[in-house]
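One structure is given below, encoded as structure tokens.
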Protein chains: 2
Amino acid sequence: MTDIEKRAQEMEEALRADGVRLTRQRSALLQVLAESGDHPDANELHRRAQAVDESVSLATVYRTLTVLEDQGVIHRHAFEGGGARFEAADMPHHDHLIDVETGDVVEFRSDKIEQLQAEIAREYGYELVHHKLELYCRKTSGNGS
Amino acid sequence: MTDIEKRAQEMEEALRADGVRLTRQRSALLQVLAESGDHPDANELHRRAQAVDESVSLATVYRTLTVLEDQGVIHRHAFEGGGARFEAADMPHHDHLIDVETGDVVEFRSDKIEQLQAEIAREYGYELVHHKLELYCRKTSGNGS
DNA sequence: GTTATTGCAAATTATTTGCATATAA
DNA sequence: TTATATGCAAATAATTTGCAATAAC
């Protein structure tokens, strides 16, 4: 079994465990999410899911994405410009660097920043529920310092 | 002259300097932006601007907000849940802590985090254009550690 | 057999735009 | 005077929802 199949199956089990019915359409979407290494939007996921199962409608993509997000199986991002984009949630926590020119997304993680964020919340009398850190960047043109 | 009047006038001058016409409606919106210490959305700004000048339409609010943002006079935020929210840009740079219960926004600044962000971008071969750091928090219930 | 789920189309929400008229400079 | 800006209403874009039909368990 490939990693992608494993990943899709884990998502299936997460849904089953919650008593949600595993329909043909949901399976198609799970498969697509499992094999997507990028951060596609709802339309793109619809397109990819239809390649797996012709009968998947955009409405079902949206409905299922909501369920999957509630289950914590996927993450929803609202990067600047355009609609929401999604990714499987089975990766360790990370933040995003977005190439403002191409829309490409690089994932990164900084424990120091994570820690500082928690400290700041505490300072103001809050506990951190979740956070959003997005770096909008441009590729450095040639001249490395 | 109050601080708020000063602030509104600075915005006016920023617009004038860019050759944009200073209309009655824009003045009303500038005044409202200048005296708003919070982060209102377009609808709320429209409501407030109409209190100053009945003739301000929502379309003009949106059009003017776009101009003001292009001029760098205001900042547009896309906090979770709901539409864009705006604030005057004459404050030193800061990030936002959003109370997930009430929607309240606390402004904060961490030079350490700012610095770490720049370092991360550099590591990946990018230069930071701008960033978004939002802490979604819940008020700590009583028991301070 | 039930009840959740689906596709479709219509509805919403936030925002933008075409156009004839009004107005700032 | 003359080009920019405005209000209004219609147009988009992304997402949600009502409903009768369908399919998972």
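Lettering of chains follows the sequences in order, A, B, ..., and the numbering in each one begins at 1.
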Practice problem: Measure from OH on B:Tyr62 to P on C:dG18 and round the result to the nearest Å. | Solution: 18 Å

Quiz item: When the distance from CG of A:Leu45 to C1' of D:dT15 is rounded to whole Å, what number comes out?
Solution: 14 Å

Practice problem: Take B:Ala59 and A:Val56, find for each the nucleotide of DNA chain C with the closest heavy atom, and name the residue whose nucleotide sits nearer the 5' end. | Solution: A:Val56

Quiz prompt | Whole-Å distance separating the CG atom of A:Asp70 from the C1' atom of D:dT16 | solution = 14 Å

Self-check item: Separation of atom CG in A:Leu15 from atom P in D:dA24, rounded to whole Å
Solution: 15 Å

Self-check item: Which nucleotide in C:dA24, D:dT17, D:dC25 has an atom nearest any side-chain atom of A:Leu22
Solution: D:dC25

Quiz item: Do you see a donor-acceptor pair shorter than 3.5 Å between the side chains of B:His39 and B:Glu87?
Solution: yes

Quiz prompt | Verdict with supporting geometry, B:Glu119 and B:Arg122, salt bridge (Lys or Arg N to Asp or Glu O under 4.0 Å) | solution = CA-CA 5 Å; B:Glu119 274 172 32; B:Arg122 202 175 327 123; 5.6 Å; no

Practice problem: Kindly indicate, with the supporting measurements, whether the criterion side chain to side chain contact (heavy atoms under 4.5 Å, CB included) is fulfilled by A:Gln25 and A:Arg63. | Solution: CA-CA 11 Å; A:Gln25 291 87 344; A:Arg63 272 188 286 235; over 6 Å; no

Quiz item: Less than 3.5 Å between a donor and an acceptor, one on the side chain of B:Arg24 and one on the base of C:dT23, is that the case here?
Solution: no

Self-check item: Closest listed nucleotide, where the reference is the side chain of B:Arg16 and the choices are C:dA25, D:dT6, C:dT15
Solution: C:dA25

Quiz item: Looking at the rings of A:His131 and A:His93, which for Trp means the six-membered one, are their centres under 6.0 Å apart?
Solution: yes

Practice problem: State whether B:Thr23 places a side-chain N or O below 4.0 Å from either non-bridging phosphate oxygen (OP1 or OP2) of D:dT4. | Solution: no

Quiz item: Rounded to the Å, how far apart are A:Gln25 CD and D:dT22 C1'?
Solution: 10 Å

Quiz item: If you check every side-chain atom of A:Thr66, which of D:dT17, C:dT6, D:dT16 has the closest atom?
Solution: D:dT16

Practice problem: Could you grab the distance from atom CG of A:Leu29 to atom CD1 of A:Ile74, nearest 0.5 Å is fine? | Solution: 7.5 Å

Quiz prompt | C:dT5 base / A:Arg21 side chain donor-acceptor hit below 3.5 Å | solution = no

Quiz item: Just how far, in rounded Å, is P of C:dT16 from NE2 of B:His46?
Solution: 15 Å

Practice problem: Have a look at B:Arg26 and say if it touches a base, only the backbone sugar-phosphate, or nothing, with a 4.0 Å heavy-atom cut-off. | Solution: sugar-phosphate

Self-check item: For atom CG of A:Leu58 and atom P of D:dA13, their distance in whole Å
Solution: 14 Å

Quiz item: Within this structure, what is the CD-to-C1' distance between A:Glu54 and C:dC8, rounded to whole angstrom?
Solution: 15 Å

Quiz item: Among D:dC8, C:dT15, C:dT6, which is the nearest nucleotide to the side chain of A:Thr60?
Solution: C:dT6

Self-check item: Closest to side chain of B:Arg63, choosing from C:dA4, C:dC8, C:dC19
Solution: C:dC19

